[in-house]
Structures are given as C-alpha cells and as structure tokens.
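Here is the structure we will look at.
All ligand and atom numbering here is 1-based and tracks the order in the structure.
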Amino acid sequence: MSTPANKFLPNPKTIAIVGCPFSGGQPKLGVDKGPIHLVEAGLISQLEELGWKVSFDGHHQFESIATEDDPPIGILKNPRLVSRVCESVAQVVGAHAKNGQLPLTLGGDHSLAMATLSGTLSTYPDACVIWVDAHADINTVESTDSGNIHGMPVSFMLGIGQKVDEFSWVKPLLKPERLVYIGLRDLDAGEKRILKENNIKAFSMHEVDKYGIGKVVEMALDAVNPKRDLPIHLSFDVDALDPSVAPSTGTPVRGGLTFREGHYICEAIHETGLLVALDLMEVNPFLADSESVRQTVAVGCSLVRSALGETLL
Ligand SMILES: NC(=[NH2+])NCCC[C@H](N)C(=O)O
Ligand SMILES: [Mn+2]
Ligand SMILES: [Mn+2]
C-alpha cells in the first residue's frame, strides 16, 4: 500500500520515531513505559506496511540528565529535569524535521510537547498545531494548581505567564491563532480564562456532540489553516479518548471521544497531506488491568496508523 502525497516531505517519505520514556511532567510512574509498549506492539512494522521508511535508533535515555537535586521552582515540580529533557528532545525533533523526516514522538507525558512543538516550529515557523486532548495543558506558572508541567506546555510555547529562567531556552514560537483544540472537557478555571483572553479556538466535547466530528475537524482546519497550505503538527493526548476506549492513562476524564471520533480526526488530518509532525502522549501501561493496557496500546498504535495513512477501504 502507498500513502498519498504529502506537500512537505521529500520521497522516500520517512518517519523518525522519537521514543521518550519520560514521566517527570506529572507524578504517576509508568507513563515512561508508554513508548516501549507502543514499539513492542509492532508499531514500526505497521508503519512500514503503510509504505513509510521508518528510522528508529532506540528510546532516548534521560538518566544522565537526572542527576542533581531538583527542588520545585514556585510549585513547578521537577523543573530542571523537565526543562533539560525537553531541550534535548527539541533538538532531536528539530533535526529530524530539518532532514525532511516526519518526527513521531511517543510519550511519555505531555510536557514533552514543549520539545516537539519547539522542534516543529523552529523548522516550519508557520505550522499550525492541532491539540487533541481532554485538557488544554495551557496553565501558566501563576494559574497551575498542581505544579505538574504536563498541564503547562502550551503556555510556554505561547510565551504567556511569568517566565522561569530554567526554561529560557523555550522560544515562544506558537501564535495563538495557529492553535486549535479538539476534545476538551476538563479545564481549570485559569485555563478557561487564558483561552478567552487569547482568543484561542477550541472545540470541546460540547461542539463534538453538537456538530459531529466531521464538521468539527473541518471548522478546526478552517480556523488555523484556512487555505489548507500550512504544515500541521498533531499533538494527540490519548486521554482525549473516552476512558472506556483508552483506560490506561494518568488523568482519564469521562465523556470523551469515541474510538471512531479519535480515528476520524487522524484520518482527516492525513487526508490534508499537510502533516509534518505527530505526538502520541500519555499512554501509561502501569494503570489499569492487563487487558485494558493491551487495549490502550493497541488504540495508540491504530491512531498513529490512521494519521499516517491507514484507511478503512
Ligand atoms: N497532559 C495531561 N494529561 N494534562 C493534565 C493536566 C491536568 C490539570 N489541568 C493540571 O494542570 O494539572
Ligand atoms: Mn490530557
Ligand atoms: Mn495533554
């Protein structure tokens, strides 16, 4: 099977898998095992069958980064670790993108998106971001209640909120008009305010119910990519799916996307021919029973395949 044209990638079309066994952006162990499970479930050969060349030189090792003491800064937890891991992943993702490869980053927790978006936007400055998640992950230093940095990467990329010296490497490369959310249903009060103040387009589960997923994806693309000519970065948090579909994740929220709605988003973005980077985040194989873990990992792989060209017919 061969995949349709992609406007930004040279042939042979190559995926660079960036395995990020990292959990420092939130407190639950196990999310660092997500990428290992996804690869062991056969993701690489599944993508090769779709006609991609796949490069993968093993999961990243972050142990050497995590040596010293890392007391909180304000209430931000593991700030030095998260910053340094993300800085190193940003360089890797950016280098793959500059080589004309499509970086597929497997998390790991969603703090890693400050790395992946930095890599994408340093390569494709006018790329738009489609963020599929139950959560907006847009807390600032001032608004976060948890201090978990996986709830904050978007604010860092937008350059909003108080600056933290430790994260001075993060350039605010994302413009609010280039960001759109799908699937939201669990926002902190401060996050709701931030979305309004910055006029950020968001299609919550309410809009998915009201318009249907087909219309929502079209409206989302109209908002950030009206001429369908800009590169797209898709950041998919598996908790966007309903917990009955993807139970093994750290912050499940009921009332989420169905299996088909999640896959439809991925299929529709593939059809644009504009996808340049993909994240699959927050698969935590330590949470839930083994059958639920198997199911979540399998769904993770199939979302990735849909975004990269698998079709039903
Ligand atoms: N990537 C995620 N699963 N994020 C959940 C964030 C939850 C909450 N809003 C927080 O800031 O702590
Ligand atoms: Mn989430
Ligand atoms: Mn998230």
Which ligand 1 atoms does [X] reach within 4.0 Å, using its non-hydrogen atoms?
X	value
E191	9 (N)
E282	1 (N), 2 (C), 3 (N)
H110	1 (N)
D237	1 (N), 2 (C), 3 (N)
D239	3 (N)
G151	6 (C), 11 (O)
D188	8 (C), 9 (N), 10 (C), 11 (O)

Could you identify the single nearest non-hydrogen protein atom to [atom] and state the distance to 0.1 Å?
atom	value
atom 7 (C) of ligand 1	H135 CD2, 4.0 Å
atom 3 (N) of ligand 1	T251 OG1, 2.9 Å
atom 11 (O) of ligand 1	N139 ND2, 3.0 Å

| field | Every N, O or S from the protein that is nearer than 2.8 Å to the Mn ion (ligand 2) | value | D133 OD1, H135 ND1, D237 OD2, D239 OD1, D239 OD2
| What's the shortest heavy-atom distance between K175 and L158, and which atoms? | C-CD2, 3.9 Å
| Least distance between heavy atoms, E63 atom then Q61 atom | OE1-OE1, 3.2 Å
Salt bridge or not for [X] and [Y], using N-O below 4.0 Å?
X	Y	result
E271	R228	no
R84	E166	yes
E207	K210	no

| message | Using ring centroids (six-membered ring only for Trp), state whether F203 and H206 fall under 6.0 Å. | response | no
So is [X] polar-close to ligand 1, meaning N/O to N/O under 3.5 Å?
X	answer
S146	yes
D137	yes
T144	no

| remark: Only one of T296, N284, D289 passes side chain to side chain contact (heavy atoms under 4.5 Å, CB included) with P247, and that residue is T296
Is it the case that more than 12 heavy atoms not belonging to [X] sit under 6.0 Å from its [atom1] atom?
X	atom1	result
N11	CG	yes
K53	NZ	no
N199	CG	no

| field | Test side chain to side chain contact (heavy atoms under 4.5 Å, CB included) applied to I138 and I200, step by step | value | CA-CA 11 Å; I138 198 169; I200 293 167; 3.7 Å; yes
| task | With side chain to side chain contact (heavy atoms under 4.5 Å, CB included) as the test, would you mind laying out the steps for H150 and E282 before giving the verdict? | result | CA-CA 9 Å; H150 77 156; E282 300 280 353; 2.9 Å; yes
